[in-house]
Amino acid sequence: MSGIEETVESVQVNEDKEFDVEVEEHIEDEFAVDPTRYIFYRDRKEWADLEPVPQDDGPNPVVKIAYSEKFSDVYDYFRALLKNDEKTERAFALTADAIDLNAANYTVWHYRRVLLQALSKDLKEEMKYITNIIEEQPKNYQVWHHRRMVVEWLNDPSEELRFIADILSQDAKNYHAWQHRQWVIQEYKLWDNELEFVENLLEEDVRNNSAWNQRHFVISHTTGFSDPAVVEREIQYCLNQIRKAPHNESAWNYLKGMLQDRGLSSQPGLLERVLELKETHCSPYLLAFLFDCYEDALENITQKEKVEEEEQKETLRKALEICRLLAQEKDTIRKEYWEFLGRSLRNKYGNGALSDEPMAENPEPSISASQSQEAS
Amino acid sequence: MDNMPNPLRCFREQQSAEMFLDDGVETVTSVEQKKVEQSIQEVMSVYKQIHSLPQPTLLREQHYQYLKKGLRHLSDAYECLDASRPWLCFWILHSLELLQEPIPAAVASDVCQFLARCQSPTGGFAGGPGQHAHLAPTYAAVNALCIIGTDEAYNVIDREKLLDFLWSVKQPDGSFVMHVGGEVDVRSAYCAASVASLTNILTPKLFENTTNWILSCQNWEGGLSGVPGLEAHGGYTFCGTAALVILGKEHMLDLKALLRWVVSRQMRFEGGFQGRCNKLVDGCYSFWQAGLLPLLHRALYKEGESELSQQRWMFEQQALQEYILLCCQNPTGGLLDKPGKSRDFYHTCYCLSGLSIAQHFGNMDNHYEVILVYRNICAEYNLEAPTHPVYNICPEKVAQALQHFLRMPVPEVSRQPGGSGEDRPSDAAAASSSADLQS
């Protein structure tokens, strides 16, 4: 999941950071000390009272990381602060260094939050800080959680939508960003402009599945999907996007996802519109959608009044034909799945199922003994 | 046996017809997808040129050396995982067990002692000595200790304190935060359910409302999101589903919708899996996504589904093996996301885990190995140990741990979520909830 694998080998050591340094006394003017030169905590006068605590990995360490000198130094002092439960400005300043070295250290973040409260730090300044950190490391869990805490403490979401939009402009699918966005919108009831935001993103990339999800999120929490006018508008929207890019799976998934609770066959005329599209805008997704329509029709036939047995057989035949087409030609990567669906459907609605005797048609040979088999 | 060469699926003529069709509408998504397909095609083409006979080989020796070294020493590139060291133990130990490489007793003991130092005095395991407890390293530490499987390993776990820790992160709405003062998402339910069931500290009270919370993460796409409302995602879908399997409630999901979603995540050209719709293939989803199919197979079987295959999972097992072996191996050891990416222990673990899932089929009656077949014995060479699709450690280690901890009483908990000191009687019936753990 993002947060672990993303960071490992792509971690860059940032050389150009501003460090928290003290300016040493001039030894000689011509050898003036560079004020941005980094000084280890162990060499800083104002830290001399604190005994650093080395990490206790034990006598025979495993997964032992070859920390840089800087890393060990900072964390030795962090451990000392933790041990003494020190709640001071210098402790607060050190957490920034510790975070800079490993922004995934949730213990440090927790401590920083404790200090923010204990020292009554300026939370607006903290917002600036966390904004910068997130811009640098947008795929880290801790930074987003920290931002959420600060926003909650300030009870001020006013910067959030714009900030998140900025992060999304760099990576339109950042999961943490979307999570934060949904939280802000729900918590502070900022629904008003979100559908427009979503439409803009879809305008930029109609294949952005996160944006399609956000569309569903906004509508389900505002108008809902029960209003027939809304449903028709959404169907229209989907079909338009499909016409433009027929092989966009997201649009097809949205169409189905929106209608599946009510049943695909509940929407009059939809099947016909899709059959029309089949001629010029076919795709495995269209075929799968047709299959779902037929399956839903079969599902509902048995519950409604008597329908012509011929009609039911015909629907079943069409559904099975699509399964075969997908399994053998159009979507062979999912062959096992489409064949299973075909067997299931035949079993449920096939000849045997219409009469009283259950007949499981199972073209796959049944095997009872344990055996090893090699794939051909 | 057959004298006919068995062509790889990815070398079939029809394969190029599987490449992405952008319908003349270029977007970031289509551009990125086509780039990846291009690079995969290059890998395949280079492979074809070098090898007149296709025999994708698992680079066992190279991976072994990479893992063996990493278990002891890691470069400073791993500073970013300084709060995830139990994960490193788990990723490496699990990879070794999949490769059927024994772990020397001295190393195993050292791991036990290290993880003991990662255990928090208030219960649970932290990312490193002296850090705060967190559900993710707790999951990893318990799994690592179960892989080791010695009494020394089992004895590291303070079960009473572990239960206290789980209560301390439990939320009234059924979810769990990852650590005290931390974030909520569905990973936490899986981590909690996994460790609680393995160590026999699971009670129904502990997971009150958790089922409903997880179910609320299944969305319009059919998969599960990290928290309700978000996009369906392979990692979170695995966590939510596996947690429900442990709790015996997987039948409450819309299994058909979930099945459709996950099979649709296998990439028609690359053969590997993507994490979300319209995103890129990544070797780690070989486990998170493909690992769902054994779980769904069993769930559907329990629901009375009669048409399930008795030989295959419902994904293209050969295509996944080809993707992993041809595209995800670093020639000097370790596995990776996709060509062009660097190796790391996380991807090594999950690519190898996915390979195991793709190689082994098992249900109540049958066990099949679906290994790529060539004209020589290379294929057997690639065969890994099987992995348990719920816990992702070897099935014998799951059974052994359960057997060990089921002999112990479920600890009495000292408080509820929210911290009142009310005592609760130990729940003898809780033992029956762990009966559902075995697949």
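Just so it is clear: chains get the letters A, B, ... in the order the sequence lines come, proteins before strands, and each one is counted from 1.
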- Query: Do the side-chain N and O atoms of Asn347(A) and Glu307(B) include a donor-acceptor pair separated by under 3.5 angstrom?
  - Reply: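 Distance-only check passes for Asn347(A) and Glu307(B).
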- Would you check if the side chain of Arg207(A) reaches a backbone N or O of Glu26(B) as a donor-acceptor pair within less than 3.5 Å? no
- Region of Asp292(A) that comes under 4.5 Å of a non-hydrogen atom in chain B: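 Just the side chain, heavy atoms under 4.5 Å.
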- Message: Under 4.5 Å from any heavy atom of chain B, what part of Lys335(A) do you find: side chain, backbone, both or neither?
- Response: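 For Lys335(A), there is no contact with chain B at all, as no heavy atom is under 4.5 Å.
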- Would you check, one step at a time, whether the test salt bridge (charged side-chain N to carboxylate O under 4.0 Å, His left out) holds for Asp57(A) with Arg85(B)? CA-CA 11 Å; Asp57(A) 264 9; Arg85(B) 289 173 71 200; 2.8 Å; yes
State, yes or no, whether a side-chain contact exists between [X] and [Y] at a heavy-atom distance under 4.5 Å.
| X | Y | value |
| --- | --- | --- |
| Val62(A) | Arg72(B) | yes |
| Glu79(B) | Ile65(A) | yes |
| Phe315(B) | Tyr337(A) | no |
| Arg260(B) | Leu341(A) | yes |
| His247(A) | Val25(B) | no |

- Item | Contact listing (chain B partner; residues 255-262 of chain A; heavy atom under 4.5 Å) |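 Within residues 255-262 of chain A, the residues that come under 4.5 Å of chain B (heavy atoms only) are Lys256(A), Gly257(A), Gln260(A).
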- Item | Closest heavy-atom pair and its distance - Asn248(A), Asp23(B) | N-OD2, 4.5 Å
- Task: Compare every heavy atom of Asp76(B) with every heavy atom of Ala66(A), then report the nearest pair and how far apart it is.
- Result: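 Ala66(A) and Asp76(B) have their closest heavy atoms at O-CB, 3.1 Å.
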- Query: Is the charged tip of Arg276(B) near the ring of Tyr175(A): under 6.0 Å from the six-membered ring centre and within 45° of its axis?
  - Reply: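 Verdict for Tyr175(A): no cation-pi partner in Arg276(B).
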- Message: Under 4.5 Å from any heavy atom of chain A, what part of Gln33(B) do you find: side chain, backbone, both or neither?
- Response: neither
